[in-house]
Amino acid sequence: MSRRILVVVGHPDPSPDRLCRGLAQAYAEGAKQAGHVVRQIDLAALDFPMLRTMQEFEHGAIPDSLKDAAGAVVWAEHIVFVFPLWLGTMPALLKAFLEQVMRPGTAFAYPDNGGFPKTLLRGRSARMVVTMGMPSIFYRLWFLGHGIAGMRRSILHFVGIGPVRETLFGMVAGASDATRAKWLGQMRKLGGRAR
């Protein structure tokens, strides 16, 4: 069955040589070949402000430059986030993007009578594809994957997205061409299965 897939490239560097862009493209190619409908967003190509107040978050409008992106998040049945690990977590650009598009009215709603917020993105799944300089097993065992765990629990699960799966690629700076080709093949397969 065909799924609506959104691929978000969260690498702030717009260089086409970045591994994150290759991984995202491979996933999108695999998904399209399998008959899925794919939209892509490259955050490095967007210009948008950071949120600075709770008032702005709760009552401000989504910037014009992100209205299509917010619509794509609502449209998608499966969202793939591809980004490098910076200081143990996502780059600030990706966090700023999520703060803008995962707002009340789009991703969740405050109940009129108090209590827990209502999730508006329930029924969607996600995958985080993360590149890093350290061995990925070290990030999982020593650091407990804290940065991506925070994104999964405090952002994606909070708005109803689940399950959220992870694909981690470690030691990327020294990876051979053969290893990179293997990673790209893995992403094509995941894209074909829309997982």
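Being a predicted model, the structure only gives us computed values, none of them experimental.
- Remark: Glu58 engages no residue in a salt bridge (charged side-chain N to carboxylate O under 4.0 Å, His left out) (not counting sequence neighbours).
- Hydrophobic cluster membership is shared by Leu93 and Leu51, with clusters built from Ile, Leu, Val, Met, Phe, Trp and Tyr side chains linked at under 4.5 angstrom.
- Members clustered with Leu190: Ile5, Val7, Leu19, Leu23, Tyr27, Val38, Val80, Val82, Val129, Phe169, Val172, Trp183, Leu184, Met187, by chain and number, using a 4.5 Å side-chain heavy-atom cutoff among hydrophobic residues.
- Atom CZ of Arg193 has more than 12 neighbouring heavy atoms from other residues, nucleotides or ligands inside a 6.0 Å radius.
- Between Val130 and Pro84 the shortest side-chain heavy-atom distance does not fall below 4.5 Å.
- If you chain together ILVMFWY residues whose side-chain heavy atoms come under 4.5 Å of each other, Phe116 ends up in a group of its own.
- Side chains of Val73 and Leu6 form a contact here, defined as non-hydrogen atoms less than 4.5 Å apart.
- Under a cut-off of 6.0 angstrom, the local environment of CG in Leu141 is crowded, with over 12 non-hydrogen atoms contributed by other residues, nucleotides or ligands.
- Taking NE2 of His146 as the start and CG of Leu144 as the end, the distance is 9.0 Å to the nearest 0.5 Å.
- Contact of the Arg127 side chain with the Val164 side chain is not registered, since no non-hydrogen atoms from C-beta on lie closer than 4.5 Å.
- Across all non-hydrogen atoms, the minimal contact from Pro12 to Ala44 is O-CB, 3.4 Å.
- For Thr89, there are no side chain to side chain donor-acceptor pair (under 3.5 Å) partners at least two apart in sequence or on another chain.
- Contact annotation: the side chain of Met151 approaches that of Phe83 to within less than 4.5 Å [non-hydrogen atoms, C-beta and beyond].
- Closest approach of Ala70 and Ile62 over heavy atoms only: CB-CD1, 3.7 Å.
- The two residues Pro117 and Pro111 have their closest heavy-atom pair at CA-CD, 3.8 Å.
- Minimum interatomic distance between Val74 and Thr106 (heavy atoms only, all atoms of both residues): CG2-CG2, 3.9 Å.
- The side chain to side chain donor-acceptor pair (under 3.5 Å) search around Arg140 returns Glu166, not counting sequence neighbours.
- Considering every non-hydrogen atom in both Ile148 and Leu168, the closest pair reads CD1-CD2, 3.6 Å.
- Considering only residues two or more places apart in sequence or on other chains, Ser65 meets the side chain to side chain donor-acceptor pair (under 3.5 Å) condition with none of them.
- Not a single donor-acceptor pair under 3.5 Å links the side chain of His36 to the backbone N or O of Arg4.
- Side-chain contact check for Ser125 and His78: at least one donor-acceptor pair (N or O, by modelled atom type) lies under 3.5 Å.
- A salt bridge (charged side-chain N to carboxylate O under 4.0 Å, His left out) check over residues 85-109, counting only residues at least two apart or in different chains, returns the pairs Lys95-Glu99.
- Between Met128 and Arg165 the shortest side-chain heavy-atom distance does not fall below 4.5 Å.
- Tyr110 contributes no side-chain N or O that, together with a main-chain N or O of Lys118, makes up a donor-acceptor pair within less than 3.5 Å.
- In the hydrophobic clustering of this structure, Met50 does not group with Phe97; members are Ile, Leu, Val, Met, Phe, Trp, Tyr whose side-chain heavy atoms approach within less than 4.5 Å, directly or through other members.
- Taking Phe57 as the reference, nothing meets the ring pair (Phe, Tyr, Trp, His ring centres under 6.0 Å) condition, with sequence neighbours excluded.
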>> Pair Ile79, Ile161 - check side-chain contact (heavy atoms from CB on, under 4.5 Å), show working.
In response: CA-CA 9 Å; Ile79 307 172; Ile161 298 174; 4.1 Å; yes

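- Applying the salt bridge (charged side-chain N to carboxylate O under 4.0 Å, His left out) test to every pair with at least one member in residues 167-183, sequence neighbours left out, gives no pairs at all.
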>> As a quick check of understanding, evaluate side-chain contact (heavy atoms from CB on, under 4.5 Å) for Met102 and Phe108, giving each step before the final call.
In response: CA-CA 7 Å; Met102 298 295 187; Phe108 69 97; 5.8 Å; no

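- A distance of 12.0 Å separates CZ of Phe158 from CG of Leu156, quoted to the nearest 0.5 Å.
- Counting side-chain heavy-atom gaps under 4.5 Å among Ile, Leu, Val, Met, Phe, Trp and Tyr, Met171 is found in no cluster with other residues.
- Nearest heavy atom pair, residue His11 against residue Cys20, reads CD2-SG, 3.9 Å.
- Distance check: Leu98 CG to Ser154 OG gives 11.5 Å after rounding to the nearest 0.5 Å.
- The salt bridge (charged side-chain N to carboxylate O under 4.0 Å, His left out) contacts involving residues 16-32 comprise Asp13-Arg18, Arg21-Asp42, Glu29-Arg188, where partners must be two or more places apart or lie in separate chains.
- Looking at residues two or more places apart in sequence or on another chain, you find a side chain to side chain donor-acceptor pair (under 3.5 Å) between Arg122 and Thr119.
- Side chain of Arg124 to backbone of Glu77: no donor-acceptor contact under 3.5 angstrom is found.
- Looking only at side-chain heavy atoms (C-beta outward), Trp142 and Ile137 stay at 4.5 Å or farther from each other.
- Considering CH2 of Trp75 and CG of Asp68, their distance stands at 12.5 Å, rounded to 0.5 Å.
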>> side-chain contact (heavy atoms from CB on, under 4.5 Å), that's the test. Do Val8 and Leu43 meet it? Break it down for me.
In response: CA-CA 7 Å; Val8 178; Leu43 298 188; 4.1 Å; yes

